[in-house]
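Lettering follows sequence order; numbering is per chain, from 1. Keep in mind that the numbers below use all heavy atoms, side chains included, and drop hydrogens, waters and symmetry copies. Computed from a predicted model, the values in this text were never measured in an experiment.
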2 protein chains.
Amino acid sequence: MPKQTFYNLEKDKKDRLIEACLEEFSSYTFTDSSINRIIKNSDISRGSFYQYFENKEDCYMEILGMIAKEKYELFKDVVSDESHGVFDDYLNMLKQVRVWMEAQPRYYKIGLLMQKDDSDFIRKLNEKNPSMNDYFIYLIKKDQDKGFIRKDIDPYLLSEVLTSTSQKILLELFENKEYDLMIEKSKQIIHLLQNGTKVL
Amino acid sequence: MPKQTFYNLEKDKKDRLIEACLEEFSSYTFTDSSINRIIKNSDISRGSFYQYFENKEDCYMEILGMIAKEKYELFKDVVSDESHGVFDDYLNMLKQVRVWMEAQPRYYKIGLLMQKDDSDFIRKLNEKNPSMNDYFIYLIKKDQDKGFIRKDIDPYLLSEVLTSTSQKILLELFENKEYDLMIEKSKQIIHLLQNGTKVL
DNA sequence: AATACATATGACAGGGGTGTCATATGCCTA
DNA sequence: TAGGCATATGACACCCCTGTCATATGTATT
C-alpha cells in the first residue's frame, strides 16, 4: 500500500505522477517499466517517489486499484437486462469492452501487457482475477435449461471457445478499431457456433 | 550471420555455447535474455562471444535457424496423407505438434516466448512466419468443394476459430502434458463446430 | 627461429536500473 | 523564536547490461 504521503500530495503533483505512471505502465510490461522514466516524466525526485511508494510493485498496485475503481464507476449503472442467452451476452460484452477501450485505451493496454508478463508478481495478480469463463459457463448452463443449447454440450468447452475467439476479436478491435466489422464478425461466429458447419 | 569463427569452433565448446543459448532463450524473452548469462553458463569469455556473433540478434537468429533445421529433419518424412478434411487435419496437426513438443520442449518454449516479445526485432520475425491460418483456409475451401462444409461459411472465419482454439489447447498441452485429454477436448470442439449448439 | 594469422581474453567505457540516506526545506506549534 | 515534524532531494552504493579493444596465446608456414 502507498504511504500516507502519497494521499496527502497536492493535486497537481499527484496528477503528474499518476499520468506518468499510466504512460509508463501502458507502454511497458511491469517488468520492463522503469521508475527512472516515471520520475523523469513527472518531474519528481527519486527520493520523493520512495516517500510515496514502497517500490515499483506498490506503485503498480495503486494504479491497478485506480483503474478498477474507474471501471466500476463507468459500469455500475449498466444493470444487465435479463439475459437473452449467452450469445446475446457475448455481443453485449463486446459492446461494453469497446466502451471501456475507447474511454480508457491506456487502461486496456495495461491489461494486455499484464498478460505478456511472466514475472511472479504479475502471474499471481493474473491468477486472482477470475476470467469471463466462469460467467459464460453459468450462462450456458442456463441456456441449456431453457432449451436453447443442446444438453450434450459441455458448458466449459463452449465457454472456452467463446473466450478464446472473443480475445482475438478484442485484440483486433483494439488494434484497428473497426467496431462494426468486429460486431459483424462476432455475429458470424455465433451463427457458426449455433448452426455448425455440416451440410444438412 | 555468425562469423566463420563460430563454425570453426571445436565441438565441445560449440555445444556448450549452444546449450547455454537454448537455456537462455527458452527461459527469457529475446529482449530479456542476456549475453552475460550465456557466457557465464557456457564458460566462454565475453570477447570470444563477440568473435562468434555480431551481437545478440545474430546469435538468436543462428539458434532459430538450428531449430528450423531440426524441425525439418524431424518431419520431412511425415508425408501428409491425402487430407480427410480440415477437422481431421486439425487433429493431425495436434499430434504432430505434440511430437515436436515432447522431442524439443525448449524449442517450443522459445516459440511461445517469441509471441510475448514486443520488440521490433521479434515483431518483424513473427510477421515473416505465415501462421497455420493460411493452410486451414485452403483446406476449408477444399472441404466446401467436396460438400463437407456449408458454402455460406466464411473460410477465413472458421480458420480463425480453429487457430484460436488450437492455440489454447496447445498451451494447455504444453503446460500439463495430458495428451489424451487434449485430443478428447479437440474432438469435442470439432463435434461442436460441426453440429452447432442448436437444439433441433 | 621468425613471421603471420586465428583465436581468446577480460578490463573498460558507457548505458540503464533500484533503493537508501544524510541533508535541506517548509510548516506548524509551543 | 525555537523546536519538532512532514516532506523533498539528489548523490551514492550497488546491481545489471552491451559492445570494444589492446593484449595474450596458440598454431601454421616460411
Side-chain angles (χ1 to χ4, degrees), chain A residues 1-21 23-63 113 116-122, chain B residues 1-21 23-63 113 116-122:
Chain A
M1 253 197 18
K3 304 179 184 171
Q4 188 52 43
T5 47
F6 174 70
Y7 299 109
N8 295 344
L9 230 40
E10 52 182 310
K11 187 173 184 329
D12 171 62
K13 205 170 185 181
K14 197 172 171 188
D15 285 351
R16 254 162 44 222
L17 180 51
I18 289 173
E19 166 61 24
C21 288
E23 199 53 35
E24 182 68 15
F25 294 142
S26 63
S27 305
Y28 299 90
T29 292
F30 170 75
T31 303
D32 293 341
S33 65
S34 129
I35 295 174
N36 267 2
R37 272 190 300 256
I38 290 173
I39 61 179
K40 198 169 59 187
N41 292 334
S42 55
D43 201 34
I44 278 173
S45 76
R46 176 156 217 81
S48 288
F49 181 92
Y50 283 95
Q51 210 97 40
Y52 310 144
F53 303 112
E54 294 290 345
N55 47 37
K56 199 165 74 168
E57 299 185 5
D58 191 21
C59 174
Y60 197 74
M61 289 305 291
E62 175 64 16
I63 298 294
L113 286 174
K116 297 207 171 190
D117 195 315
D118 275 336
S119 68
D120 284 351
F121 173 61
I122 295 296
Chain B
M1 255 201 14
K3 304 177 183 171
Q4 188 53 42
T5 47
F6 174 70
Y7 299 108
N8 295 345
L9 230 39
E10 51 182 313
K11 187 174 183 328
D12 172 63
K13 204 169 185 179
K14 196 173 171 185
D15 285 350
R16 255 162 43 222
L17 180 51
I18 290 173
E19 166 61 25
C21 287
E23 199 53 36
E24 182 69 13
F25 294 141
S26 63
S27 305
Y28 300 91
T29 291
F30 170 75
T31 305
D32 293 341
S33 65
S34 127
I35 295 175
N36 267 1
R37 273 191 300 256
I38 290 174
I39 60 180
K40 197 170 59 186
N41 292 333
S42 57
D43 201 34
I44 277 172
S45 75
R46 176 155 217 83
S48 286
F49 181 93
Y50 283 94
Q51 209 96 43
Y52 309 144
F53 304 112
E54 294 291 345
N55 47 37
K56 198 164 75 167
E57 298 185 6
D58 190 20
C59 174
Y60 197 75
M61 289 304 291
E62 175 63 16
I63 297 295
L113 286 174
K116 296 205 171 188
D117 196 314
D118 275 336
S119 67
D120 283 351
F121 173 61
I122 295 296

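Annotation: salt bridge (Lys or Arg N to Asp or Glu O under 4.0 Å) contacts of B/Glu54 (sequence neighbours excluded): none. Shown here are the ring-ring contact (aromatic ring centres under 6.0 Å, His included) partners of B/Phe30, two or more places apart in sequence or in another chain: B/Tyr60, B/Phe121. In this structure B/Lys116 satisfies the salt bridge (Lys or Arg N to Asp or Glu O under 4.0 Å) test together with A/Asp118, sequence neighbours excluded. With sequence neighbours excluded, the residues satisfying salt bridge (Lys or Arg N to Asp or Glu O under 4.0 Å) with B/Glu23 are B/Arg106.
Here A/Asn36 does not reach the OP1 or OP2 of C/dG16: none of its side-chain N or O atoms lies under 4.0 Å away. Contact between the side-chain N/O atoms of B/Asn8 and the OP1/OP2 oxygens of C/dA6 is not found at any separation under 4.0 Å. Between D/dT18 and B/Asn55, no contact under 4.0 Å exists linking OP1 or OP2 to a side-chain N or O.
With B/Phe6 as the aromatic partner, B/Lys14 meets the cation-pi criteria of under 6.0 angstrom to the ring centre and within 45 degrees of the ring axis.
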(request) Please test B/Leu113 against B/Tyr28 for side chain to side chain contact (heavy atoms under 4.5 Å, CB included), starting from the C-alpha separation and ending with a verdict. (result) CA-CA 7 Å; B/Leu113 286 174; B/Tyr28 300 91; 5.6 Å; no
(request) Would you give a per-nucleotide map of nucleotides 8-14 of chain C, 5' to 3', where B means the base has a protein non-hydrogen atom under 4.0 Å away, S means only the sugar-phosphate does, and - means neither? (result) BBBB---
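Side-chain contact between B/Cys59 and B/Pro2 is absent, with no heavy-atom pair separated by less than 4.5 Å. A/Asp32 is listed as a side-chain neighbour of B/Asp32, based on a closest heavy-atom distance under 4.5 Å.
For the helix from C/dA1-D/dT30 to C/dA30-D/dT1, the angle separating the two terminal helix axes comes to 30°, with each axis derived from five pairs and the value rounded to 10°.
The nearest whole Å value for the distance from the CD1 atom in B/Ile38 to the C1' atom in D/dC16 is 15 Å.
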